[in-house]
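The next block holds one structure in the form of structure tokens; read it before the comments.
Letters go in sequence order (proteins before strands), and every chain restarts at 1. Quick caveat, the model's predicted, so the values are computed rather than measured. Below, each value reflects all heavy atoms present in this structure, side chains not excepted, and no hydrogens, waters or symmetry copies.
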Amino acid sequence: MSEPTLNMEQPPTALQRFKASHFWHSFKIDRVAQLSFLIFLTYAVLAISASFIAPFDPYDASQIDIMNSEIPPSWQEEGEEGFLLGTDAQGRDMLSTILYGTRVSLMIGLCAVALQALLGIVIGLTAGYIGGRVDSFLMRIADIQLSFSTLMVAIIVLAVFQATFGTELYQQLAMIMLILVIGIAEWPQYARTIRASVLAEKKKEYVDAARVMGFGRLRIMFRHILPNTLSPILVISTVQIANAIISEASLSFLGLGMPVSQPSLGSLISSGFEYIFSGAWWITVIPGVVLIVLVLVMNLLGDWMRDVLNPKLYKG
Amino acid sequence: MPLLEVNNLEVCFGLRSGAVKALRDVSFTLERGERLGVVGESGAGKSVLGFSIINLLSRPGQISSGSVHFEGNDLASLAPGELRSIRGNRISMIFQDPMMTLNPVLTIGVQMVECLLAHRKISKADAKRISLKKLQQVQIPSPEKRLDQYPHELSGGMRQRIVIAIGLLLDPDIIIADEPTTALDVTIQAEIMDLMLNLCEQNNVALILITHDLGVVSQVTQRMLVMYAGRIIEQGPTKEVINDAQHPYTQGLMNALPQMAIPGQKLNQIKGTMPPLQRIPKGCSFNPRCEYVMDVCKQKLPSFTESGNCQVACHMVAESKQDKLLVKEV
Amino acid sequence: MIAFFVKRFFQAVVVMFVISLISFSIQDNLGDPLRELVGQAVSEEERQALREEMGLNDPFLVQYVRFAKKAVQGDLGDSYFFKKPAFEVIMKKLPATLELVFGATIIIILFSVPIGVYSAINPQSWFSKTVMGLSIVGISIPVFLTAIGLIYLFAIELNWLPSYGRGETSNVMGFWETGLLSADGLKHLILPSFTLASIMLPLFIRLIRAEMMEVLQSEYVKFAWAKGISPRRIYFVHALKNTMLPVITVGGVQIGTMVAYTILTETVFQWPGMGFLFLEAVNRVDTPLIVAYLIVVGAIFVVTNTLVDLIYGLVNPTVNLAGKK
């Protein structure tokens, strides 16, 4: 407080600007958004520290005892103290498997969306900024790509891949394949929105100013236009992560995703499916609930952000 | 008894951050067959006034107090069913943009006939016959063809003729026309305006013409209201208001007209802009822009002062009247 | 009208050409048809001779043309597993899948239109708010979990409905095995259809609600109010028709998505349709069957897209079917 004048002259820091923003303000008053964010944060922390907090290592065959299979959660009569959420058909501790599975699901979701965003942003910026034939060509491809359902494309590609290379090699490469397939199939979502924003931004004066000042095309695109397309990117990404996690779970459920030895939430649910009606419900239900809550909070956050940031999304 | 009598009308838009008043204390009357002009900048509340007369404000707008008496009924408090029997029937509206006013997926015939059938117990064939007659009245070329056409097949001018025909369909008592020609080509604006005025005159229909075009108002209306930030600030016979504007804002509007300017000189614009409805200043809402601003203007809302046949809401006008009175007494 | 069909036909040819090219490359690279035919116990020389005879050594293009010629006549080779023409095998399973999609579509239309319209007209009511809340939960539940939940509740706990298979079917017109004509068949259809519908239902409710709310704000709806016509006519004649235009377009794309989701639904319910068959074919590396599936699905895409365009053109007077706008 001794030098108030100096403070006044300094531009506000990023944090100060953030605190004064509409975004932060509406977050402070929206309980659903707060709760969703808190839950998502918990998921993220648990996933990152899975190998430290999980009581067992589900990837380590020496820690698994088949005699321990299908033990119900500890609060049930036949449950055991050591296995809080029971064990699966192979005798793996459910809690540990779910922690690791969440990590796999989240990782595939995040990486796939990162790939989508990268492809989409580059293609969208190119199409929007260069325009003309390049634009109509790229957007035509995006239209065609969108008219095929992602799940369909993923199933076919993964099925053919599995049939060609055999199950063993496939299981080793499953994670990369999932990321690639989900990542490549959904780029048009980003590209179309980015393109629309670029077209809108291009007309504005600051872009002209930057061009007059002699900045190169790439610099104008990445330094000047891209930051202005952040809010649609943020909104799409949240929803896309939720979608990617569901796609991964669906593919794993069909046996085209993560192998049982290295399960994601989807393959855990799938592996428990055989046992659900013989009484061992927890193998399916617990990871199922974990999955639904994760996807739900992502969707709620996406919805909230769409309301707050209100970006001009491309209407499909 | 006047045909329409609006008293102390107030309209609120209930936004989350407190209600915004789009209209305050609006009162005026309209006689049968009279032509009334409503002028003001965009955002002054002209269109809101038009819609609130037939109580057709879109959410979250609503009439919060005041009355709109039409033939003894207060439209502001009428039940929805009764209100519906007046809308389109006794009081009809003509919207600004004919490109947006007609439903793109219904034929012209359907959109005309449904209006007749909603208000009169007649057969479809009769309704069609009346529609055709009205289309002839608005001088549309080959009217029989139009009934089966869709709006997108017609030009803007033709569409506005059809909108006017729909407005006149049930021989209403009042037509509220909200900028009926602004969206049209300049070349046909006058034509459409003449058509509308002639038809109103022939059928003895009262007209409320909402516009920002002072030229049109001065030519065609008998009385006019000037609105600023949701209030009427001056009203009276059009000739008097135009020739001898009292309120500084009205004077400013006149001076900004190109025909008022001396050739070679810059047009006189009113400085500043109208404040948004959430931030209307205390006292007279025009005070930050007024060149004659006084202390009282920033404190107290001016009430209406009679000046000739006009009413003006301005402290300065009130004071000068007062002075004249004092002079007379002395 | 003729121009429209010519244009659509041309598009269909292009799409089918691309699909056939993809299918052919799969066939070319996946598995060894020779081994499937003669087994391992044939000498290398005999193999070569056979290869030459079967045209497997011909250039890619020659082989593709041969494949395409046969494909046009419906000959996609024999399924390795069923030892029958692949096309025939797929077509036998097609009715089951189409009936499933049909059931789901009916459910979606029946629920999404009234719910979407109601919640657009009364956005502040508790019903609309509940629907919006539930729809986001619905979007977040993967379809196979919906299926498991429904099976658990209705088949196991309540024991009202069967949990797998098609039940009793009857033959119509010689080639269509249908489950729609018997009570048992219909009962079997309920759970799978609701499962398949559950994916799209929340999306459609939200879409219809959003579009309808936008239309209700439009000038022409305001003008309709100013004309004094009844609310019912405004909602269902003026607003609904305009609301449905974008919904039809999106709906057409979503039918394609639904075909993909039949694979998941059919797997959980062991529904003997194409999707279930396809997954089995993948596990058995039954290439001709995989190819046949791709081509049939491609054809379904083309047909539904054409139909959707046609319906859109009929509903929307501003679209000239000849292609002029």
Side-chain angles (χ1 to χ4, degrees), chain A residues 32 36 143-144 146-167 239 242-243 245-256 265-266 269-270 272-273 276-277 281 284-285 287-289 291-300 302-304 315-316, chain C residues 15 18 22-23 25-26 29-31 132-133 135-145 147-149 151-152 155-156 163 199 206-207 210-211 246 249-250 252-264 267-268 275 278-279 281-287 290 293-294 297-298 301 305:
Chain A
V32 177
S36 303
D143 280 343
I144 294 172
L146 271 186
S147 73
F148 291 102
S149 110
T150 306
L151 189 67
M152 192 85 219
V153 173
I155 288 174
I156 291 166
V157 172
L158 292 178
V160 169
F161 186 77
Q162 197 181 43
T164 320
F165 293 98
T167 320
V239 178
N243 286 344
I245 291 173
I246 284 199
S247 298
E248 184 280 324
S250 303
L251 291 166
S252 294
F253 183 79
L254 288 176
L256 294 168
L265 290 173
I269 296 165
S270 171
F273 183 50
I276 184 172
F277 303 124
W281 54 268
T284 299
V285 172
V289 171
L291 178 70
I292 292 172
V293 171
L294 173 61
V295 176
L296 181 62
V297 297
M298 294 306 292
N299 276 330
L300 285 172
D303 245 31
W304 168 75
K315 260 167 105 185
Chain C
V15 171
V18 172
I22 295 170
S23 307
S25 352
I26 292 172
N29 292 314
L30 206 62
M132 289 309 283
S135 73
I136 195 154
V137 175
I139 290 172
S140 305
I141 303 179
V143 62
F144 52 91
L145 285 176
I148 293 171
I151 292 177
Y152 182 76
I156 296 182
S163 66
I199 312 157
R206 292 182 143 232
L207 178 70
E211 293 292 343
T249 325
V250 176
V253 178
Q254 296 302 337
I255 287 177
T257 313
M258 221 147 72
V259 172
Y261 278 99
T262 56
I263 301 179
L264 274 164
T267 307
V268 181
F278 172 68
L279 218 59
V282 167
N283 288 328
R284 294 181 187 128
V285 201
D286 195 342
T287 319
I290 296 177
Y293 178 79
L294 292 187
V297 167
F301 266 58
N305 276 334

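Among Leu296(A), Ile246(A), Leu256(A), the residue with the largest count of heavy-atom pairs under 4.5 Å with chain C is Leu296(A). Considering only heavy-atom pairs separated by less than 4.5 Å from chain A, the leading option among Pro142(C), Ala260(C), Ser140(C) is Ser140(C). When the candidates Gly255(A), Ser250(A), Ser270(A), Gly266(A) are compared by the number of heavy-atom contacts under 4.5 Å with chain C, Ser250(A) comes out ahead. Considering only heavy-atom pairs separated by less than 4.5 Å from chain A, the leading option among Leu264(C), Thr267(C), Val137(C), Val297(C) is Leu264(C).
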Step by step, work out the side-chain contact (heavy atoms from CB on, under 4.5 Å) result for Val268(C) and Phe253(A). CA-CA 10 Å; Val268(C) 181; Phe253(A) 183 79; 3.5 Å; yes
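In this structure, no portion of Asn243(A) lies under 4.5 Å from any heavy atom of chain C. At a 4.5 Å heavy-atom cutoff, the contact between Ile139(C) and chain A is made by backbone and side-chain atoms alike. Heavy atoms closer than 4.5 Å to chain C are found in the side chain of Ile269(A), but not in its backbone. Both the backbone and the side chain of Ala249(A) come within less than 4.5 Å of a heavy atom in chain C.
Side chains of Met132(C) and Asp303(A) form no contact here, defined as non-hydrogen atoms less than 4.5 Å apart. Between Phe144(C) and Leu254(A) the shortest side-chain heavy-atom distance does not fall below 4.5 Å.
Taken to the nearest 0.5 Å, the CG atom of Leu291(A) stands 6.5 Å off from the CG atom of Leu145(C). To the nearest 0.5 Å, atom CE of residue Met152(A) and atom CG of residue Leu294(C) are 7.0 Å apart.
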